Number of protein chains: 2
Amino acid sequence: MAMPAATTLLAWTRLLRAADLASQHCAASLRALGLPPPEWYDVLLAIERGGAQRPRDLQIALGTEQYALSRLVDRMVKARLLTRVPCADDARGHLLHLTIEGRAMRAAMWPVYAEAIETALGARVAEEDRTALARLLAPLAEPISA
Amino acid sequence: MAMPAATTLLAWTRLLRAADLASQHCAASLRALGLPPPEWYDVLLAIERGGAQRPRDLQIALGTEQYALSRLVDRMVKARLLTRVPCADDARGHLLHLTIEGRAMRAAMWPVYAEAIETALGARVAEEDRTALARLLAPLAEPISA
DNA sequence: AGCCTTTCGATGCGATTGCATGGAAAAACC
DNA sequence: GGTTTTTCCATGCAATCGCATCGAAAGGCT
């Protein structure tokens with residue numbers, strides 16, 4: 001295998017490092033206030049926006065592994081943020097609904113989450129650079145070998 | 001807390017998704033051939049390039065948590081890729097040396113690692129876009145709140 | 001209908017992570 | 001030189017992850 005181009009290696013290392021720093025910062029911000037980790041927010045938001053959904057749909061939307069989501073939901077149900085409701089037209093699955101507390105938790109997390117995003121990304125890259133960044137990252141945010 | 005700008009949110013989600021897909025792909029490629037995960041490669045490369053180093057130096061260079069590196073080194077020593085050599089001028093620490101097998105392992109991993117990088121990034125973004133991407137990511141790859 | 005394949009979701013188990021802490025040597029301070 | 005603070009690295013413990021696999025229901029096919 002030939003060496004990837006220098007620009008590829010540079011972009012690779014910075015991409016991974018940047019994402020790691022960003023997500024670490026976000027997780028740390030939430031944790032510092034005793035709030036759940038970012039994945040919880042993503043689940044809560046997806047359901048609040050899209051309505052009750054099946055685990056499979058969330059799994060695809062969020063890009064998580066099947067077993068990871070299954071257990072994440074377990075924890076969130078245990079925390080009373082979500083409920084599993086048997087699915088009428090498919091006895092294998094169920095619909096995930098937000099509870100009142102789930103809705104409240106999402107609202108409580110948002111300011112912290114938003115602040116973290118702003119600190120980690122918004123405040124560090126100019127508006128037009130963020131636009132360019134989003135455009136350049138678009139193909140990479142699609143499943144590989146598609 | 002105000003809502004971050006739309007461009008910030010878009011860049012945020014794509015950044016995290018892109019990095020996740022890329023690192024997953026890389027880890028999966030190595031695993032499929034029975035090779036160790038990417039972090040092992042990074043450690044092996046850092047030592048091969050920089051010579052024997054102390055855990056602390058690697059920790060900074062690689063951006064890992066202290067305990068994570070400590071245990072990673074444990075595993076690599078157990079796998080006979082690294083040796084811990086007492087440090088002459090500082091009895092607290094030690095120097096990490098590559099073994100012959102460590103050197104061989106890095107060489108064995110490289111083609112697979114390189115191929116994965118190329119597939120996940122090189123082949124999906126044009127040369128000039130990779131350059132732009134690396135430039136835009138530069139500030140984000142620096143520790144936050146610096 | 002009866003069988004085969006696919007999809008949905010959960011889970012056992014071993015490996016890894018993250019937090020907090022511990023212990024020991026070095027550095028700084030007085 | 002003795003004391004306090006800081007740095008370096010390891011580790012106990014609980015939580016989480018990742019892989020593989022399983023059970024059950026759907027869907028397809030003949």
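Note that the structure is predicted; figures quoted are calculated from it, not measured. Lettering follows sequence order; numbering is per chain, from 1.
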key: Touch class at under 4.0 angstrom, heavy-atom based, for B:Arg71 against every strand present   = base
key: Sugar-phosphate only, base, or nothing, as touched by A:Glu65 at under 4.0 Å among non-hydrogen atoms   = nothing
How long is the line joining [atom1] of [X] and [atom2] of [N], in whole Å?
X: A:Leu62; N: C:dG9; atom1: CG; atom2: P; answer: 13 Å
X: B:Arg75; N: C:dG14; atom1: CZ; atom2: P; answer: 17 Å
X: A:Leu72; N: D:dA15; atom1: CG; atom2: P; answer: 16 Å
X: A:Arg56; N: C:dT6; atom1: CZ; atom2: P; answer: 14 Å
X: A:Tyr67; N: D:dC22; atom1: OH; atom2: C1'; answer: 16 Å
X: B:Glu39; N: C:dT16; atom1: CD; atom2: C1'; answer: 10 Å
X: A:Leu69; N: C:dG9; atom1: CG; atom2: P; answer: 9 Å
X: B:Gln53; N: D:dC9; atom1: CD; atom2: C1'; answer: 16 Å

inquiry  = So, taking the atom named CG in A:Leu21 and the one named CG in A:Leu121, what distance separates them when rounded to the nearest 0.5 Å?
reply    = 12.0 Å
key: Residue whose closest nucleotide on DNA chain C lies nearer the 5' end, A:Arg54 versus A:Arg31   = A:Arg54
query = With a 4.5 Å limit on heavy-atom distance, are the side chains of B:Leu72 and B:Val43 in contact?
reply =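 A side-chain contact under 4.5 Å exists here.
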ask   = So do A:Met76 and A:Trp40 actually touch side chain to side chain, heavy atoms under 4.5 Å?
value =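 Touching, per the 4.5 Å side-chain cut-off.
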ask   = What pairs with B:Glu65 under salt bridge (charged side-chain N to carboxylate O under 4.0 Å, His left out), at least two apart in sequence or on another chain?
value = none
Residues A:Arg80 and A:Glu101 bridged, charged N to O under 4.0 Å =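 Between A:Glu101 and A:Arg80 there is no salt bridge, as every charged N stays at least 4.0 Å from the carboxylate O atoms.
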Trace of the side-chain contact (heavy atoms from CB on, under 4.5 Å) decision for B:Leu133 with A:Leu137 = CA-CA 8 Å; B:Leu133 192 55; A:Leu137 287 172; 3.9 Å; yes
inquiry  = With nearest nucleotide decided by heavy atoms, which residue, A:Trp40 or A:Gln66, maps closer to the 5′ end of DNA chain D?
reply    =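 Nearer the 5' end of the strand: A:Trp40.
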request  = Classify the angle between the aromatic ring planes of B:Tyr113 and A:Trp12 as parallel (below 30°), tilted (30 to 60°) or perpendicular (above 60°).
outcome  = perpendicular
key: Close approaches to DNA chain D from residues 89-97 of chain B, in residue order (heavy atom, under 4.0 Å)   =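 The answer is B:Arg92, B:Gly93, B:His94.
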